[in-house]
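Treat the numbers as computed from the prediction; the structure is a model and nothing was measured. Just the heavy atoms: all of them, side chains too, but no hydrogens, waters or symmetry mates, feed the values below.
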Amino acid sequence: MVYGLSREVRRFADLNELSASAAEDINRLISRVVKLKGRFSLALSGGSTPRLLYRILGTTYQDMIPWDAVHFFWGDERYVPHEDKDSNYRMAREALLDLLTVPAGNIHPIPTTYRKPEDAAESYEKDLRGFFDADGDTFDLVLLGMGKEGHTASLFPESPAVEETDRWTVAVEVNDKPSKRITLTYPVLNRAATVYFLISGPEKAEAIAKVFDSSTYAHSCPAKGVNPPNGSVVWWIDSSIPDF
Ligand code: 6PG
């Protein structure tokens, strides 16, 4: 099903089927882009939904995907040490990266050791701007989740970060634990070539309905604001979410 001009919805029986299908799709996408460009830039999501997808990529596709050409970034990070149980970097390392042979220079974690989170955000932005061209696409693929109130990455409803139009990375305080976060913003997310939202769980139903409701705005449902004008967005949704 295709909604609007650039939001496609793909529905699956459950998270297992969704994750297996997304893994195969990502396999094809990476292979195609690496043949064309010689590298692939992937922004990983935190949270629990993508964990199974990461595990499948790291096992079933361990030897199929040219992982040495893939550069790993993060869409957001909790401002905790990378070995902390709440770290998105730690989750991705345990579920995926530890299973792969990837050059250390291809892994671009969001730093969390600066005294001021704002300095960490600035440092990451410098890395991103050094990696991508000044114009054109940024990430080849961004993986995102969505909270039940419509946040994505660490862009939460009514946050000033949702209004950011220049900086690619900002430090935020959110109403969730851990509260200090670093998040990518719309200026860099909306230059991605492809965005996949991975959504599972009935608690996301209300927020999904807001995303596809033409009368709502991104400030109240930040996931809605990720919609690259020159890219494509696919919503991978399992059947725990009723039709909308
Ligand atoms: C984070 C994620 C966040 C996540 C959503 C959904 O750092 O927590 O980036 O945006 O994707 O909260 O999380 P679940 O997949 O666990 O529902």
Side-chain angles (χ1 to χ4, degrees), residues 2 5-10 12 18-46 49-76 88-89 92-93 95-110 124-145 152-153 168-169 184-199 223 226-237:
V2 179
L5 286 178
S6 61
R7 279 196 188 93
E8 181 187 346
V9 176
R10 294 181 194 171
F12 299 89
L18 184 158
S19 305
S21 182
E24 176 52 31
D25 195 279
I26 291 168
N27 168 44
R28 292 204 196 111
L29 181 62
I30 292 176
S31 300
R32 179 160 51 81
V33 171
V34 168
K35 277 198 192 86
L36 278 173
K37 292 168 57 176
R39 74 179 193 182
F40 188 89
S41 51
L42 171 60
L44 297 174
S45 169
T49 303
R51 202 188 294 267
L52 176 57
L53 166 62
Y54 296 169
R55 173 67 57 186
I56 296 169
L57 289 171
T59 50
T60 309
Y61 295 88
Q62 189 178 48
D63 302 322
M64 271 192 244
I65 291 176
W67 293 111
D68 59 344
V70 178
H71 285 260
F72 295 86
F73 299 85
W74 276 258
D76 74 324
N88 286 338
Y89 170 79
R93 186 158 274 296
L96 175 59
L97 298 175
D98 283 348
L99 299 169
L100 305 178
T101 307
V102 177
N106 287 28
I107 299 177
H108 310 264
I110 295 175
Y124 203 57
E125 174 150 353
K126 277 201 191 80
D127 287 352
L128 292 174
R129 289 185 185 275
F131 185 86
F132 296 115
D133 296 337
D135 302 311
D137 289 346
T138 52
F139 298 104
D140 294 301
L141 175 61
V142 176
L143 298 175
L144 289 170
T152 193
W168 286 11
T169 315
L184 298 193
T185 60
Y186 292 146
V188 67
L189 293 171
N190 281 332
R191 279 182 45 191
T194 304
V195 177
Y196 287 172
F197 279 95
L198 308 172
I199 310 291
V226 180
N227 207 11
N230 301 319
S232 63
V233 181
V234 182
W235 286 74
W236 301 71
I237 298 175

Do the non-hydrogen side-chain atoms of Val195 and Trp235 ever get within less than 4.5 Å of each other? no
Once rounded to the nearest 0.5 Å, what's the spacing between atom CZ of Arg55 and atom CG of Leu96? 9.0 Å
For Arg129 and Ala134, indicate whether the former's side chain and the latter's backbone hold a donor-acceptor pair under 3.5 Å. no
Least distance between heavy atoms, Pro109 atom then Tyr89 atom: CB-CD1, 3.5 Å
Please list, chain by chain and in numerical order, all residues satisfying side-chain contact (heavy atoms from CB on, under 4.5 Å) with Lys126, sequence neighbours excluded. Glu122
side-chain contact (heavy atoms from CB on, under 4.5 Å) partners of Thr169, counting only residues at least two apart: Ala121, Tyr124, Glu125, Leu128, Ile182, Leu184
Minimum heavy-atom distance between Tyr54 and Ser45, given as atom pair plus value: OH-O, 2.7 Å
Set of side-chain contact (heavy atoms from CB on, under 4.5 Å) partners for Asn106, sequence neighbours left out: His71, Val102, Pro103
Before giving the answer on side-chain contact (heavy atoms from CB on, under 4.5 Å), spell out for Trp67 and Phe72 the whole-Å C-alpha distance, their side-chain angles and the decisive distance to 0.1 Å. CA-CA 10 Å; Trp67 293 111; Phe72 295 86; 3.6 Å; yes
Return the set of residues passing side chain to side chain donor-acceptor pair (under 3.5 Å) with Asn227 (not counting sequence neighbours), or none when no residue passes. Ser6
Shortest non-hydrogen separation from Leu53 to Ser19 and the atoms involved: CD1-O, 3.6 Å
Go through it in stages, so that I can follow the logic: the residues are Leu189 and Val142, the test is side-chain contact (heavy atoms from CB on, under 4.5 Å), and I'd like the CA-CA distance, side-chain angles, deciding distance and then a yes or no. CA-CA 8 Å; Leu189 293 171; Val142 176; 3.9 Å; yes
Under the side-chain contact (heavy atoms from CB on, under 4.5 Å) rule, what do Asp25 and Tyr196 come out as? Steps first, then yes or no, please. CA-CA 11 Å; Asp25 195 279; Tyr196 287 172; 2.2 Å; yes
Could you state the interatomic distance from CD1 (Ile199) to CZ (Phe12), rounded to the nearest 0.5 Å? 12.5 Å
Minimum-distance pair of heavy atoms, taken over all atoms of Ser21 and Trp236: OG-CZ3, 3.6 Å
Has Glu8 got a side-chain atom pairing as donor or acceptor with Ser232's backbone, closer than 3.5 angstrom? no
Inter-residue atom distance Leu29.CG - Leu141.CG, 0.5 Å rounding: 6.0 Å
From OG1 (Thr101) to CD (Gln62), nearest 0.5 Å: 7.0 Å
Does a side-chain heavy-atom distance below 4.5 Å link Ile65 with Phe40? no
Non-hydrogen side-chain atoms of Pro66 and Val34 separated by less than 4.5 Å: yes
When rounded to the nearest 0.5 angstrom, what is the spacing between CZ in Phe132 and CZ in Phe73? 4.5 Å
Could you pull out the closest heavy-atom pair between Asp76 and Gly46, with the gap in Å? OD1-N, 4.2 Å
Smallest heavy-atom separation, Ala192 atom then Pro228 atom, equals O-CB, 3.4 Å
For Arg93, what residues pass the salt bridge (charged side-chain N to carboxylate O under 4.0 Å, His left out) criterion, not counting sequence neighbours? Asp98
Atom pair CD1 (Ile26) and CZ (Arg28), whose distance is rounded to the nearest 0.5 Å: 12.0 Å
Ile56 versus Glu24: any side-chain heavy-atom pair under 4.5 Å? no
side-chain contact (heavy atoms from CB on, under 4.5 Å) between Leu198 and Leu18: does it pass, once the steps are laid out? CA-CA 8 Å; Leu198 308 172; Leu18 184 158; 4.0 Å; yes
Side chain to side chain donor-acceptor pair (under 3.5 Å) contacts touching residues 133-142 (sequence neighbours left out): Lys37-Asp140, Ser41-Asp140
Report yes if some heavy atom in the side chain of Phe139 is under 4.5 Å from a heavy atom in the side chain of Leu42; otherwise report no. no
